[in-house]
Enquirer: 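Have a look at this one.
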Amino acid sequence: MFPVSAHAAPSFDGQVGPAVQVVSVRSHGTTATIEAWQGGLSGWDRVAGPFEGFIGANGVAPVAIDGVPATPLGVFGLESVFGTGPPPGGLLPYQRVGANDWWDGDPRSPTYNSHQVCAPGTCRFDEGESEQLAIPEYEYAVVMGVNAQRVPGGGGAFFMHVSGGVPTEGCVSLERSSLLTIIRWLAPGAVIAIS
């Protein structure tokens, strides 16, 4: 990978605080252009992409809301990776998941919008409102810090994951090889900027 200098400041410039690694997602209806940017003394350099991917079936929205298949606009942390596949490499913590791994989507649950482990039929949250994580699209997934305060109804289970070839329920998806390129580059403090 060779950096490509940006001729003009990217759209997220000035919106990402101290972050020096930014995954930019520019929406076009239900698709998006995804690029990885590294900040330095001379500004921003594109280090990967552009890649084409998918976002929510309803496009983008100003805020995340449970049950609305739209990708929220804004800047969110990228703090960890999970998946059904072997460790992909990179500097973010990785957790391998299986049939007992869930993302709690029950707004009445004290563990709403967080990763939980329990056998199907035994969970203390409504499994029907939650996501089992052992699916093909989650061979690799990066957790997006949407609704990090876990406000009930404020949206949950937002990831950057392997594309299934169709718009998502609000996540950002892209081809496996492109996603792995980004995952292996990410370091703590990275963010995703969705516009």
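Residue numbers start at 1 and run along the sequence shown.
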Enquirer: Could I get the full list of salt bridge (charged side-chain N to carboxylate O under 4.0 Å, His left out) partners for D13, not counting sequence neighbours?
Expert: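 For D13, no residue satisfies salt bridge (charged side-chain N to carboxylate O under 4.0 Å, His left out) once neighbours in sequence are set aside.
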Enquirer: How long is the straight-line distance from CZ of F54 back to CD of E175, given to the nearest 0.5 Å?
Expert: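 E175 CD to F54 CZ: 8.5 Å, rounded to 0.5 Å.
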Enquirer: May I ask you to decide if A187's main-chain N or O and Q21's side chain share a donor-acceptor pair within less than 3.5 Å?
Expert: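 Looks like yes, one N/O pair under 3.5 Å.
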Enquirer: With rounding to the nearest 0.5 angstrom, report the OG to CG distance, S27 to L73.
Expert: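 If we round to the nearest 0.5 Å, S27:OG and L73:CG are 6.5 Å apart.
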Enquirer: Determine the minimum heavy-atom distance between T181 and A48, stating which atoms define it.
Expert: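 Heavy-atom minimum between the residues: CG2-CB, 4.1 Å.
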Enquirer: Which residues end up grouped with V97 if you chain together Ile, Leu, Val, Met, Phe, Trp and Tyr wherever their side-chain heavy atoms are less than 4.5 Å apart?
Expert: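 In the cluster with V97 are F82, W103, L133, I135, Y138, V143, F159.
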Enquirer: For H28, what residues pass the side chain to side chain donor-acceptor pair (under 3.5 Å) criterion, not counting sequence neighbours?
Expert: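 T33.
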Enquirer: Output all residues satisfying side chain to side chain donor-acceptor pair (under 3.5 Å) with Q132, sequence neighbours left out; order by chain, then residue number.
Expert: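 Once residues adjacent in sequence are excluded, Q132 has no partner under the side chain to side chain donor-acceptor pair (under 3.5 Å) criterion.
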Enquirer: Are any side-chain N or O atoms of T71 and backbone N or O atoms of G170, one a donor and one an acceptor, separated by less than 3.5 Å?
Expert: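 Flag set: sc T71 to bb G170 pair under 3.5 Å.
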Enquirer: Looking at R124, I want to see if its CZ is surrounded by more than 12 non-hydrogen atoms of other residues, nucleotides or ligands under 6.0 Å.
Expert: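 Atom CZ in R124 is not packed in, count stays at 12 or less.
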Enquirer: Answer whether the closest heavy-atom distance between the side chains of Q95 and S80 falls below 4.5 Å.
Expert: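 Result no, sub-4.5 Å side-chain heavy-atom pair not found.
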Enquirer: Check whether any side-chain heavy atom of T168 lies under 4.5 Å from a side-chain heavy atom of H161, and answer yes or no.
Expert: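 SC-SC contact between T168 and H161 confirmed.
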Enquirer: Find out if a path of hydrophobic residues (ILVMFWY) with successive side-chain heavy-atom gaps under 4.5 Å connects F51 to I192.
Expert: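 Yes.
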Enquirer: Main chain of A134, side chain of T84: is a donor-acceptor contact present, judged purely on distance under 3.5 Å?
Expert: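 Side chain of T84 to backbone of A134: no pair is present.
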Enquirer: Are P50 and I34 side-chain neighbours, meaning at least one heavy-atom pair lies under 4.5 Å?
Expert: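 When only atoms from C-beta onward are counted, I34 and P50 do not touch, as no gap falls below 4.5 Å.
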Enquirer: Run the side-chain contact (heavy atoms from CB on, under 4.5 Å) test against P72 and tell me which residues pass, sequence neighbours left out.
Expert: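 Applying side-chain contact (heavy atoms from CB on, under 4.5 Å) to P72 gives A64, F76, V146, F158.
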Enquirer: Other than V63, what residues sit in its cluster of Ile, Leu, Val, Met, Phe, Trp and Tyr side chains whose heavy atoms are under 4.5 Å apart, directly or through others?
Expert: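 Members alongside V63: I65, V68.
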Enquirer: How far apart are the C-alpha atoms of W102 and H115, what are their side-chain angles, what is the distance that settles it, and do they pass the side chain to side chain contact (heavy atoms under 4.5 Å, CB included) test?
Expert: CA-CA 6 Å; W102 301 78; H115 175 226; 5.9 Å; no
Enquirer: Could you see if Y94 belongs to whatever hydrophobic cluster contains M144? Use Ile, Leu, Val, Met, Phe, Trp, Tyr and a side-chain cutoff under 4.5 Å.
Expert: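 Same hydrophobic cluster.
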Enquirer: Checking E52 now: which residues fulfil salt bridge (charged side-chain N to carboxylate O under 4.0 Å, His left out) with it, not counting sequence neighbours?
Expert: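 For E52, no residue satisfies salt bridge (charged side-chain N to carboxylate O under 4.0 Å, His left out) once neighbours in sequence are set aside.
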Enquirer: Given 3.5 Å as the limit, does a donor-acceptor pair link the side chain of S109 with the main chain of G105, or not?
Expert: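 No: the side chain of S109 does not pair with the backbone of G105.
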Enquirer: Do R26 and E35 come close enough that some side-chain heavy atom pair is under 4.5 Å?
Expert: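 SC-SC contact between R26 and E35 confirmed.
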Enquirer: Among the clusters formed by ILVMFWY side chains lying less than 4.5 Å apart, do I55 and I182 turn up in the same one?
Expert: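 Cluster IDs for I55 and I182 match.
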Enquirer: Grab the two heavy atoms, one from N147 and one from G155, that are nearest each other, plus how far apart they are.
Expert: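 Between these two residues, the closest heavy atoms are ND2-O, 2.9 Å.
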Enquirer: Partners of D101 by salt bridge (charged side-chain N to carboxylate O under 4.0 Å, His left out), sequence neighbours excluded?
Expert: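 Once residues adjacent in sequence are excluded, D101 has no partner under the salt bridge (charged side-chain N to carboxylate O under 4.0 Å, His left out) criterion.
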Enquirer: Please say whether more than 12 non-hydrogen atoms of neighbouring residues, nucleotides or ligands are located less than 6.0 Å from CD in E131.
Expert: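 Enclosed: over 12 neighbouring heavy atoms sit under 6.0 Å from CD of E131.
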Enquirer: Could you pull out the closest heavy-atom pair between T122 and A119, with the gap in Å?
Expert: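 So the two residues come closest at OG1-O, 2.6 Å.
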Enquirer: Report yes or no: does Y140 contribute a side-chain atom to a donor-acceptor pair with the main-chain N or O of M160 at less than 3.5 Å?
Expert: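 No, Y140 side chain to M160 backbone: no donor-acceptor pair under 3.5 Å.
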Enquirer: Taking all non-hydrogen atoms of both residues into account, name the closest pair between P152 and P107 and its distance.
Expert: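 For P152 versus P107, the nearest heavy atoms are CB-O, 3.5 Å.
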Enquirer: Any heavy-atom pair between the side chains of W37 and P10 that's under 4.5 Å?
Expert: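 They are in side-chain contact.
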Enquirer: Does any pair with a residue in residues 104-118 pass salt bridge (Lys or Arg N to Asp or Glu O under 4.0 Å), and if so which ones, sequence neighbours excluded?
Expert: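 Those involving residues 104-118 are D106-R108, R108-D126, R108-E129.
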Enquirer: What residues, two or more places apart in sequence or in another chain, satisfy salt bridge (charged side-chain N to carboxylate O under 4.0 Å, His left out) together with E139?
Expert: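 Per chain and number, E139 pairs via salt bridge (charged side-chain N to carboxylate O under 4.0 Å, His left out) with R176.
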Enquirer: Run through V75, V23, V20 and flag the one making a side chain to side chain contact (heavy atoms under 4.5 Å, CB included) with V191.
Expert: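 Exactly one pass, corresponding to V75.
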Enquirer: Please name all residues satisfying side chain to side chain donor-acceptor pair (under 3.5 Å) with S173, sequence neighbours left out, ordered by chain then number.
Expert: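 S173 satisfies side chain to side chain donor-acceptor pair (under 3.5 Å) with no other residue.
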Enquirer: List the atom of N113, the atom of G156, and the distance in Å for their closest heavy-atom pair.
Expert: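 For N113 versus G156, the nearest heavy atoms are OD1-CA, 3.1 Å.
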Enquirer: Within a strict 4.5 Å, meaning less than it, do heavy atoms of the S195 and F12 side chains meet?
Expert: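 They are not in contact (no side-chain heavy atoms under 4.5 Å apart), so the answer is no.
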Enquirer: Identify whether L91 and I183 are in the same connected component of the hydrophobic contact network (ILVMFWY, side-chain heavy atoms under 4.5 Å).
Expert: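 Not linked; separate clusters.
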Enquirer: Measure across A193 and V22 and return the closest heavy-atom pair with its distance rounded to 0.1 Å.
Expert: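 Taking every non-hydrogen atom into account, CB-CG1, 4.0 Å.
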Enquirer: Give the other cluster members for Y112, using side-chain heavy-atom distances under 4.5 Å between Ile, Leu, Val, Met, Phe, Trp and Tyr residues; answer none if it is isolated.
Expert: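 When side chains under 4.5 Å apart are linked, Y112 ends up in no cluster with other residues.
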Enquirer: For R150 and P110, indicate whether the former's side chain and the latter's backbone hold a donor-acceptor pair under 3.5 Å.
Expert: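 Looks like yes, one N/O pair under 3.5 Å.
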